[in-house]
Amino acid sequence: SISSLSHQSMPSEILLKIFAYLDAVNLLCVGCVNRRFYHLASDNFIWVRIYSTAFSPKRSNWKVNSVEKTAVSVNLLSLEDKEAGYWKKEYIVKQIASVKATVARLLKPVNPYTGLPVKIKEALRVSGLGWVIILRDKSGKEYITEHVRLSVNDTSVSVVWYGKNWPHLATLSTLDLCGVTPVFMDRYKSPTKTGPRWRSLIARYSLSDLTETTLMGCDGLIQVFCLSPGLLVGLWKRDEELAFVMANLHLHQLMERSTLGSATTPYELPPHSPFLDDAPEYGLHGYQLHVDLHSGDISYLCGTFHNLFSKKEYIENGYVKLVVISFDNNTQHVPLIGKVGLSWRTNIFEGCIKSCSVMDVTLLDDSGKPFWCFSSPVCMRPSTSPCDTCDFLGQRYCVDYVDSEGRVHLDLVWIEETKEYFVVNLALYLSVAKINHWFGTE
Ligand SMILES: *[C@@H]1O[C@H](CO)[C@@H](O)[C@H](O)[C@H]1NC(C)=O
Ligand SMILES: CC(=O)N[C@H]1CO[C@H](CO)[C@@H](O)[C@@H]1O
């Protein structure tokens, strides 16, 4: 263009004067224009000023100690000795390290009921972390969409995307869910979407899985599908095109999963190192469950259950059964609060999928470490199996969830008199392989 031509012919001294007004993110952007701009935008005099402003002792949050202070002033004198781009690199390295240190500090305090970080909102703000979905068509072309809405709860984050210009579903093959973090975060500004960002793949979903088997429910306008792990996809009933996508992200290791993966490979959680114990029932007791059945900010069932245990006799078909709410003990039965439904909203329409909700499960082991965690859409369905001892109570429903680590089963009864659902049974089935792997048992 004409304007870039005139920039090209500008003398270097003038360009340097202009660049001196830019912040770090913008300097890195202009550095991408061409080789000459890259060289000029790496200028040590410009970057040493950015460095000392960012890490000056006045910004006490960064905790620059006095040794480093002197280091900055001494190095100012010897700028000429440094190779080109030295201060830019110093700034980048230190900036990334300070954001990391601040985030690590924020993630330390945990909620005793959930074992999960309590300052997740602050950690998200400091790191600038956000999530995108990447729709990929059959020729490999990518469509990146920034999230529209995000809500943080005690155990999960739900993130929603919708858009007017999404490609036709028939042309698409996969959907990638990725965490994106700006390479530089200025904690005094909100993150920009134009600066350089890291991308960390969390999960890849195949859109050919939007079939009868993953269909979860519908209302007048849309049908919703549940793709594992934790993704809800809404299609317009009218033309079967994408209406919205909602990701449910459990907070356990969410920061790591959203920042430490690569653009093509998800971050793998570090293996749990078993703590050796010879007790014969080891791995079968001392569990704590926190369960939350919710939609957005409305919670239908939220509770913490301590001292859950199993016995060797309860091991069946490769699963250990933990009874949380027992049918036989009616003091444990609890009602669902409110009218269960999963609310959705796009720029024009909104609705509610009856009987569906999001289930967050956080199961801690006997040392309080998160053992099994997920956040996923679930749906209440009429029970088909007859039950002699409970059918007289009312119409029965159940909620089932299953993944590679275990299963959750809930039985509910509709009580006509009080117009409430009562949970009369809640059981977890943990994979024996997972338990043995975790505790180093056999
Ligand atoms: C029934 O459940 C309550 C509450 O969890 C518990 O205190 C009680 O011991 C249970 N009763 C039996 C018979 O298991
Ligand atoms: C951290 C947070 O925002 N927690 C909210 C989760 O949702 C419940 C309502 O279900 C709120 O009361 C919490 O404040």
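Since the structure is predicted, the reported quantities are computational estimates derived from the model, not experimental observations. When a ligand or atom number is given, it counts from 1 through the structure's own listing order.
If you check the side chains of T114 and H290, you find no donor sitting under 3.5 Å from an acceptor. Between S228 and D403, the side chains place no donor N or O within less than 3.5 Å of an acceptor N or O (distance only, hydrogens not considered).
Of all protein heavy atoms, the one lying nearest to atom 14 (O) of ligand 1 is N329 ND2, 3.5 Å. Here the heavy atom of the protein found nearest to atom 5 (O) of ligand 1 is Q332 NE2, 3.3 Å.
With hydrogens and angles ignored, the 3.5 Å screen pairs a side-chain donor or acceptor of S173 with a backbone N or O of R136. Within the 3.5 Å criterion, the main-chain N or O of R149 finds no donor-acceptor partner in the side chain of H147.
Within a 4.0 Å radius of atom 9 (O) of ligand 1, the protein has no heavy atom.
Distances from atom 4 (C) of ligand 1 to the heavy atoms of D328, T331, I325, N330 show the closest one on T331.
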